[in-house]
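Bear in mind the structure is a predicted one, so any value in this text is a computation, not a measurement. Numbering of ligands and ligand atoms starts at 1, following listing order.
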Amino acid sequence: MAQDRIIIFDTTLRDGEQSPGMSMNLEEKLMVAEALDTMGVDVIEAGFAMASNGDFESVHEIAKRTKNAVVCSLARAKPADIERAAEALKPAAQARIHTFISTSDIHLKYQFRLTKEEVLVIINDTVKLARKYTDNVEWSAMDATRSDKDYLCKAVETAIKAGATTVNIPDTVGYATPDDYGALIRHLKNSVPNIDKAVISTHCQNDLGLATANSLAAIMNGARQIECTINGIGERAGNTALEEVVMAIKTRHDLYNFATNIDTTHITRISRLVQNITGALVQVNKAIVGANAFAHESGIHQDGMLKNANTYEIMTPESIGLSKSNLVMGKHSGRHAFRERVLELGFDIGDNAFEEAFHRFKDLADKKKEIYDEDIIALLDNEARKEDPIQLESLHITCGTIGPQTAMLCLRVDGDVRRVTIEGNGPVDATFNAIMALVPHQAKLKLYQVSAITQGTDAQAEVTVRLENTEGQIVNGVGSNIDTVVASALAYINALCKLQSLRQRVSLSDR
Ligand code: KIV
């Protein structure tokens, strides 16, 4: 039987980025967009162009650079939003405008203060306006799963009549279950007279932990686009995880007779890239990409695995790009081997960036005997910070049982070299006090978290620092280094740079 294609619509850079602490700067968004494009994502929702000048710029840059995927911008059901999205998407080879409005009684009464009839007029007008700029228009019925079914059908029909080519049925509040979500999609498929003129899409939030199951139920009932994010990041409990739906379709092909365009061997690398950039580490037992997802600990499982991997493994680590023996290099490894490894890990960097990365690799190899893939990924991700306004020049720490613990710190701030020596309650506290003295700010430390990137006492530490500014905006900074205190300084500096670049955004619910 011929397989239907499922369109994978990634919204890591929009729904994912919209959640607290997940904001990314332009460089970081470009890296994620490139990785999504390379792995075969069909549609990249690059942002919400009207939200801020920064969002506009990132949609515009991603539109310019993306080679294969359709690039999409979100827009509320307002002419100014749609025009701004169209402007940002101008350079795209394939552009989609994604406009939305709520359809549930509760949203219309309390949030939008509009009647159902007024909303139908808005849907018609805004979809028609979007179609003036592109023939690829997606319309979403926010809070679809809590909407009156007959009204939802009417709204979907109106959107398609006005020119929507994709109709998205979001479970905005994560309320649906697989049975009722599947039934809703089937109902739309059977009841909306012009439904064959559009692709039905799913967008499931994970409040009840059902996002992946709901998305799969939707495709079994007629949906052909899944909206998802890397590592399942997104509003509140997150969104459908791309790696979960794609691997479920691939692994349970006996049930899901569908194909996606995703090269699944890119999953591990992009998962780590997103973790590194956002500072949101995935839980160790997270499906597909958690650190324990392929670890077999119990004796009986290990015994089975040694006899035949199929006894306890339903998919191979290689199928998601997790190399079994990831011990790759040491200080004797040369340029050629390093370049090969960098390419295998999916990084395509220019000659200058490569030379700098190679020097850093040699420095690291002098301090650490065995260099793992994770070390190289962390090192390459650090390269992307070179243009940040605050740079760590040097850090010297005095610590141990005989106090006081002291940090001698030198930073370059907007090109100016600044130095200070300061004490603290321990080396990390002293370092953070020093940063505060050189870059005075009001932000409060909300989280300080350390983990080891690989095994061994010489492993690199990965530190996440979460800061909140006086307007309540939250950012996560990440730093990795063989020295935990240096990693902490890098993470703090990264968070400060993110706060500086964070501009006031309009919210999706502003009317
Ligand atoms: O959750 C939601 O309803 C959304 C829409 C804007 C698609 O994010």
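In this structure, H98 has a heavy atom closer than 4.0 Å to ligand 1. Proximity of Q18 to ligand 1 is not established, as no heavy-atom distance is less than 4.0 Å.
In terms of polar-atom proximity, T172 is counted as a contact of ligand 1, with an N or O under 3.5 Å from an N or O of the ligand.
Using modelled atom types, no side-chain atom of K149 and backbone atom of L184 make a donor-acceptor pair closer than 3.5 Å.
In summary, R96 and E45 do not engage in a salt bridge, as defined by a charged side-chain N under 4.0 Å from a carboxylate O. Contact check on D42 versus R5 returns a salt bridge, with a Lys/Arg side-chain nitrogen under 4.0 Å from an Asp/Glu carboxylate oxygen.
Taking R131 as the reference, nothing meets the side chain to side chain donor-acceptor pair (under 3.5 Å) condition, with sequence neighbours excluded.
Counting heavy atoms closer than 4.0 Å to ligand 1, residue Q205 contributes side-chain atoms (C-beta onward) but none from N, CA, C or O. Only the side chain of R14 comes within contact range of ligand 1, with a heavy atom under 4.0 Å; no backbone atom does.
Within ligand 1, counting atoms from 1 as listed, the ones closer than 4.0 Å to a heavy atom of N168 are 7 (C).
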- Task: Could you please spell out the steps behind the side-chain hydrogen bond (donor to acceptor under 3.5 Å, both in side chains) verdict for S58 and D55?
- Result: CA-CA 5 Å; S58 45; D55 279 49; 5.2 Å; no
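Remark: among candidates F48, F100, F9, the nearest residue to atom 6 (C) of ligand 1 is F100, based on non-hydrogen atoms.
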